[in-house]
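Here's the structure, in structure tokens; my notes come after.
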Protein chains: 2
Amino acid sequence: MALRHAVLAALVDGEYSGYQLAKAFDIGVANFWHALPQQLYAELAKLEREGLIAGRQVVQETRPNKRLFHVTDAGFAELEAFATATSKPSFIRDDLLVKIHAADRIDSGTLIEQLTDRASAAEAKTALLDSLLVKMRGALDEDEFLRSGTRIGPYLTCLRGLAFEREHRDWCLRTAAVLRERGAARTEQRSVRTEEGGTARAES
Amino acid sequence: MALRHAVLAALVDGEYSGYQLAKAFDIGVANFWHALPQQLYAELAKLEREGLIAGRQVVQETRPNKRLFHVTDAGFAELEAFATATSKPSFIRDDLLVKIHAADRIDSGTLIEQLTDRASAAEAKTALLDSLLVKMRGALDEDEFLRSGTRIGPYLTCLRGLAFEREHRDWCLRTAAVLRERGAARTEQRSVRTEEGGTARAES
DNA sequence: TCTGACTAGTCAATTTATTGAGTACGAGTG
DNA sequence: CACTCGTACTCAATAAATTGACTAGTCAGA
């Protein structure tokens, strides 16, 4: 039972429908959890059955109706209990890192391309998170907001996400540069050897 | 099929038994993937059935025998194919971040304690990764190693892990400080009110 | 000599996550 | 007037991860 608490924590901010939650899990909540819409709808249904959240129907004219959910007292109690329990360590999972681990056996071109793509994705995400932070703190500057603002929870997790994205971008760029340089070095070496003529042979 | 490639990538380094792999998934490989021993044994069996890895029995006197696995040509081909396919975006999952997101509704004491614990765990991990990096690059300095070393894959992913742990530690410490300060501010305010017309005055 | 930790695994049950497809309606674009 | 996009969900099948228990021998320390 893990997604359960991420959903509860997300709903602390206010009321959300399943659809809106799914969006939040793509942006803000993505800083610490990831889930697909199907999972969220299923979890919301479960949480409601157990009385940890409650929903209300909102009738809309121009769009499909929706159900907005909020955390009940039982839900807050559950969150408190969860907060007291020991956290299991965070973990990363990243296909690209898997590929880089095997970099010595994989074509550099592919890797460099993917690294630069990732770097720009991370860059875009930092911009998004930056604007999100500005919106959350309003007129106050960061220190002031953290001292006296209300609802600093989402702000703090966004700060974590921002740092993560920045680091990720930097690492991608540096790694791409390393691979590029090594590629260039090998090409140069090869051309030197072929120029030396005869049965030129590049090392593997 | 995801763990599959993480295992293949880990076995690129050399031969490992299931047991040794499990250890690697706790340290180096943990920088980009996480899995429990049971999962690894199951995945190794599957990979062997499919001919992507091959194992050989090693008889030991003083300990239980073990099976060491290595990647076959088919396995390397599979890795290449995987590297060419688009990576799904990385994601984080962290209970502690979930708790912090709901910080406004949760007792600060608990959170501060967990944040400081995490910070020291992260600190320990940075030390571990640092020594791992030194071991990998041997006599060379980092830039030199990345230019001319062999097997830079694991090195590069460790660099990512190191950056992650450092950031994590810094964020934990800062977040703990923020929560502590807010707690202090609230306590002060309360004591001013009870003392009635006291000396100090806490800001709004 | 008992205890607990380390090596090296296996088995089964359950919970979670992913993949893929489908419904329904309105608004805006070409 | 067809087409796609966005809102708001649902259902089912499969794959992957977690939990928990279990075997069995070695070695070091109390």
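Keep in mind the model is a prediction, meaning the values are calculated, not measured. In the text below, chain A, chain B and the rest are named by the order of the sequence lines, each starting its count at 1.
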Rounded to whole Å, the OH-P distance (Y16(B) to dA8(C)) equals 14 Å
Side chain of K46(A) only, please: which of dC9(D), dA17(D), dT16(C) is the nearest? dT16(C)
Please state how far atom NE2 in H34(A) lies from atom C1' in dA17(D), giving the value in whole angstrom units. 15 Å
In short, I92(B) meets N31(A) closest at the heavy-atom pair CD1-O, 3.6 Å
Check every strand shown and say whether R4(A) touches a base, only sugar-phosphate, or nothing at a heavy-atom separation below 4.0 Å. nothing
Below 4.0 angstrom from OP1 or OP2 of dG9(C), is there any side-chain N or O of S17(B)? yes
Indicate whether the side chain of Q20(B) and that of S17(B) have a donor and an acceptor atom separated by less than 3.5 Å. yes
Can you tell me how far apart OG (S90(A)) and CZ (R93(B)) are? Round to the nearest 0.5 Å. 12.0 Å
Rounded to whole angstroms, how far apart are CD on Q20(B) and P on dA8(C)? 6 Å
Which heavy-atom pair separates K99(A) from L111(A) by the least distance, and what is that distance? CB-CD2, 3.7 Å
Can you classify the ring geometry of F32(A) versus H101(B) as parallel (below 30°), tilted (30 to 60°) or perpendicular (above 60°)? tilted
How do L68(A) and L3(B) order along DNA chain D: which one's closest nucleotide is nearer the 5' end? L68(A)
From the list dT7(D), dA17(C), dC9(D), which nucleotide is the closest neighbour of the side chain of R63(A)? dT7(D)
Just to confirm, is there a sub-4.0 Å distance from OP1 or OP2 of dC11(D) to any side-chain nitrogen or oxygen of Q38(A)? no
Please tell me which of F91(B) and F69(B) maps to the more 5' nucleotide of DNA chain C, matching each residue to the nucleotide holding its nearest heavy atom. F69(B)
Hey, is the side chain of R93(A) poking within less than 4.0 Å of OP1 or OP2 on dA17(D), counting only N and O atoms? yes
Would you state whether a donor and an acceptor, one from the side chain of Q60(B) and one from the base of dG25(D), lie under 3.5 Å apart? no
Select from K66(B) and P64(A) the residue whose nearest nucleotide in DNA chain C is closer to the 5' end of that strand. K66(B)
Once you measure the plane-to-plane angle for F91(B) and H34(A), does it fall in the parallel (<30°), tilted (30-60°) or perpendicular (>60°) bin? parallel
Would you please confirm or rule out a distance under 4.0 Å between OP1 or OP2 of dT7(C) and any side-chain N or O of Y19(B)? yes
In whole Å, I'd like the distance from the CD atom of Q39(A) to the C1' atom of dA13(D). 15 Å
From CG of L36(B) across to C1' of dA12(C) the rounded distance in Å is 15 Å
For atom CD of E50(B) and atom P of dA15(D), their distance in whole Å: 12 Å
Parallel, tilted or perpendicular: rings of Y155(A) and F145(A) (30°, 60°): tilted
Does dT19(C) have its OP1 or OP2 closer than 4.0 Å to a side-chain nitrogen or oxygen of K88(B)? yes
Return the value, rounded to whole Å, for the distance between atom CD1 of I92(A) and atom C1' of dA17(D). 18 Å
W33(B) CH2 to dA17(C) P, in whole Å, measures 14 Å
Would you say K23(B) reaches dC6(C)'s phosphate, i.e. side-chain N/O to OP1/OP2 under 4.0 Å? no
Taking only the side-chain nitrogens and oxygens of Y41(A), find out if one of them lies under 4.0 Å from OP1 or OP2 of dC9(D). yes
So for the helix from dT1(C)-dA30(D) to dG30(C)-dC1(D), with five pairs setting each end axis, what is the inter-axis angle to 10°? 30°
More than 12 heavy atoms from other groups under 6.0 Å of CZ on R137(B): yes
